[in-house]
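What follows is a single structure, written as structure tokens, with notes after it.
A, B, ... follow the sequence lines: proteins, then strands. Residue 1 opens every chain. It should be emphasised that the depicted structure is a prediction, and the values quoted were computed from it without experimental measurement.
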Amino acid sequence: MKEHIEELLSQSLHYLLRDGIIPPGQPPAIQLERTKSSEHGEFASNVAMVLAKQAGMPPRELAAAIIDRMPKSHQVAKMEIAGPGFINFFLQHITLTSVINEVLRKGDQFGGPLHRSGESITLEYVSANPTGPLHVGHGRGAAYGASLGNILHLAGYRVQREYYVNDNGRQMDILALSVWLRYLELCGEEVGFPENGYRGEYIYDIAHLVRGEYGDKWRFGSVEVADGLPPGPGAGGDGEIYIDALIARARELLAATGFAVFFKAALNSILGDIKEDLADFGVVYDLWFSEKALEDSGAVQRAIDRLRANGHLYVKDGATWFRASALGDEKDRVVIRENGRTTYFASDVAYFLSKLERGFQRAIYVLGADHHGYVARLRAAAQGFGEDPDRLEILLMQFAILYRNGEKAQMSTRSGQFVTLRELREEVGNDAARFFYIMRSHDQHLDFDLDLAKSRSNENPVYYIQYAHARICSVLRNLAQMDTRHNQAIGEAAMNLLTEEHELQLMRSLSRFPECIDSAARLRSPHLLAHYLHALATDLHAYYNAHQFLVDEENLRNARLNLILAARIVLGSGLKLLGVSAPEEM
RNA sequence: GCCCCGGUAGCUCAGUGGAUAGAGCAUCCGCCUCCUAAGCGGAAGGCCGCAGGUUCGAUUCCUGCCCGGGGCGCCA
């Protein structure tokens, strides 16, 4: 509908140009927007005001000239010049009602592509290190990424959802070490546990599993383990050096095979837990991308070679550096350490390259706000590869703060005492969690009110929307109790009977859905959909209260049923996009 | 020191160049013999942080300042 009017405007401007009323040059992009109030019609354009200066005539006069040259359309009822020079478009009633048939015909495909872009996108979200269970911070990225993926898909993009599994590197070594130390503890050895190890309870669980399978096979005496180690932080030493020495000791005593046992037990257990957690949360992926596999495939080396070939690398102090500072980053970055190992950054860069090589036009990253340092260095890497850095898009999620009884329910990862995503889901339910997480713009701090999310009352926006859906289902159940059935064809033929203001309002809202999807996709803003659904539910509730749907008159009844059925479809598919259930009764 | 995000109703937030700045909660007043009152209708509530600039027009864009929140200082 919107495109149709844009086309009319564009035609008219073309004629104005031909008639010499506006000077040649490039015409401005046509701005057509929804009106805020129906007294201004459905759509309004500001072109007359924008072009008034160039045309050398007052905006209202130019508006008249534009309307004068507008091709006739059977969809537009009338046009008006209003205010300082707006052109308001009023639609024919039949144009308004046509959205109902369209929704009924398309079902959950309604809302689909406004513009056929077909851009292929790889969307990465969560990608938490498999060193522990997901916490509530990851939950926001999960809900956001999953919803955005759904919306992009409906909006006509080709989307692949990816999780980058950091199954390589020092943090994983520390994890494996932590499991082994807990295992020794279970065997009865008294070994100290480093402060910077992973201290969560789940480490014991994994240690139990290993012991169940191998018994005391990997047991070593505490003296043997601690012999000759540098001083720990308790003895005035450096914690990092100490834990690295412990890892080296573990590798030495366990040998590659033994170390791998603990490493794999930890990885499988934790990654399995993460996958299950996300799946239960309705968060899905097309690809779990292993960093280890990336390195084993030689992709990291290839990425480094490419940067070298493009002249962006140099060697200093035995390490190989990427000259990121020349490409907009604040400083240069190490890609190969002095010890010959490649850095996390090198892997990240290789992973980005892999996304491009796999044919994606754009790579979207959903990261926590604490990763904002990544933006400049990854963009630098993109340029280092000779690629357009705009193909890389990093969306930073601001933090979510939980509130309980009006006070911060704070979490601290350090102590191992944190609120996990699973705990949150169990407390407030998946529906409320998904909705509350995406209710706010991603670049906005989120105050997550646990009490509100849990409340089964009108204060809870999730129930408000779900209730609208359930009410429609309830009407249909009542209809089933009656002698009559819904007849869609009769309803379609009687669309002219839907003249109540509440009905017009509901139709207007339904026809906005594709525009909402389009904006939410382009602006990467699922929260727009949440707000839209709330507004749609408001229209439905108001209509419900003002009018009876199951009236005796057959034509009107079926027309109204068509309308609320269309509303049910949009409410249902909108909720589904957000990962929220659409119950039939509440 | 540098970087990111924000400042809009009492509270939590929408609103990325337009007309009278919106919603939820909280407050006040009404509405169930009627398809679910988890609902609806109404009232009240605002120097859109401050100061400049761009524009026919600025809450929106630019600059500076003030006030919050977070991050970084060769570790990802």
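Nucleic acid contact for A/Ser37: none, since no nucleic acid atom lies under 4.0 Å from a heavy atom of the residue. A/Gln548 comes within 4.0 angstrom of a nucleotide base, judged by non-hydrogen atoms across all strands. A/Glu291 comes within 4.0 angstrom of no nucleic acid atom, judged by non-hydrogen atoms across all strands. In this structure, A/Arg560 reaches neither bases nor backbone, as no heavy-atom distance under 4.0 Å exists between it and the strands shown.
Contact check, A/Gln444 against B/U12: no side-chain N or O comes under 4.0 Å of OP1 or OP2. Dashed line: the shortest gap from a side-chain N or O of A/Tyr543 to OP1 or OP2 of B/C35 is not under 4.0 Å. Dashed line: the shortest gap from a side-chain N or O of A/Lys53 to OP1 or OP2 of B/C56 is under 4.0 Å. Here A/Lys36 reaches the OP1 or OP2 of B/A19: one of its side-chain N or O atoms lies under 4.0 Å away. In this structure, A/His442 does not reach the B/C5 phosphate: none of its side-chain N or O atoms is under 4.0 Å from OP1 or OP2. Considering only side-chain N and O atoms, A/Arg471 lies under 4.0 angstrom from the phosphate OP1 or OP2 of B/A37.
Using a 30° and 60° split on the angle between ring planes, A/Phe549 and A/Tyr543 fall in the tilted class, from 30° to 60°. Aromatic ring orientation, A/Phe448 versus A/Tyr437: perpendicular (interplanar angle above 60°, classes split at 30° and 60°).
In this structure, the CG atom of A/Leu395 is 16 Å from the P atom of B/C4, given to the nearest Å.
Side-chain atoms of A/Asn46 stay outside donor-acceptor range of the base of B/A19, with no qualifying N/O pair under 3.5 Å. Side-chain N/O atoms of A/His541 and base N/O atoms of B/C40 include no donor-acceptor pair closer than 3.5 Å.
Ring-centre distance between A/Tyr164 and A/Tyr351: below the 6.0 Å cut-off.
Across B/C35, B/C56, B/C5, the shortest atom-to-atom separation from the side chain of A/Asp443 is found for B/C5.
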Review point. Where do A/Tyr464 and A/His534 land on the ring-ring contact (aromatic ring centres under 6.0 Å, His included) test, with the steps shown first?
Key: CA-CA 7 Å; A/Tyr464 183 82; A/His534 193 274; 4.6 Å; yes
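For A/Glu393 and A/Arg524, the salt-bridge test passes: some basic side-chain N is under 4.0 Å from an acidic carboxylate O.
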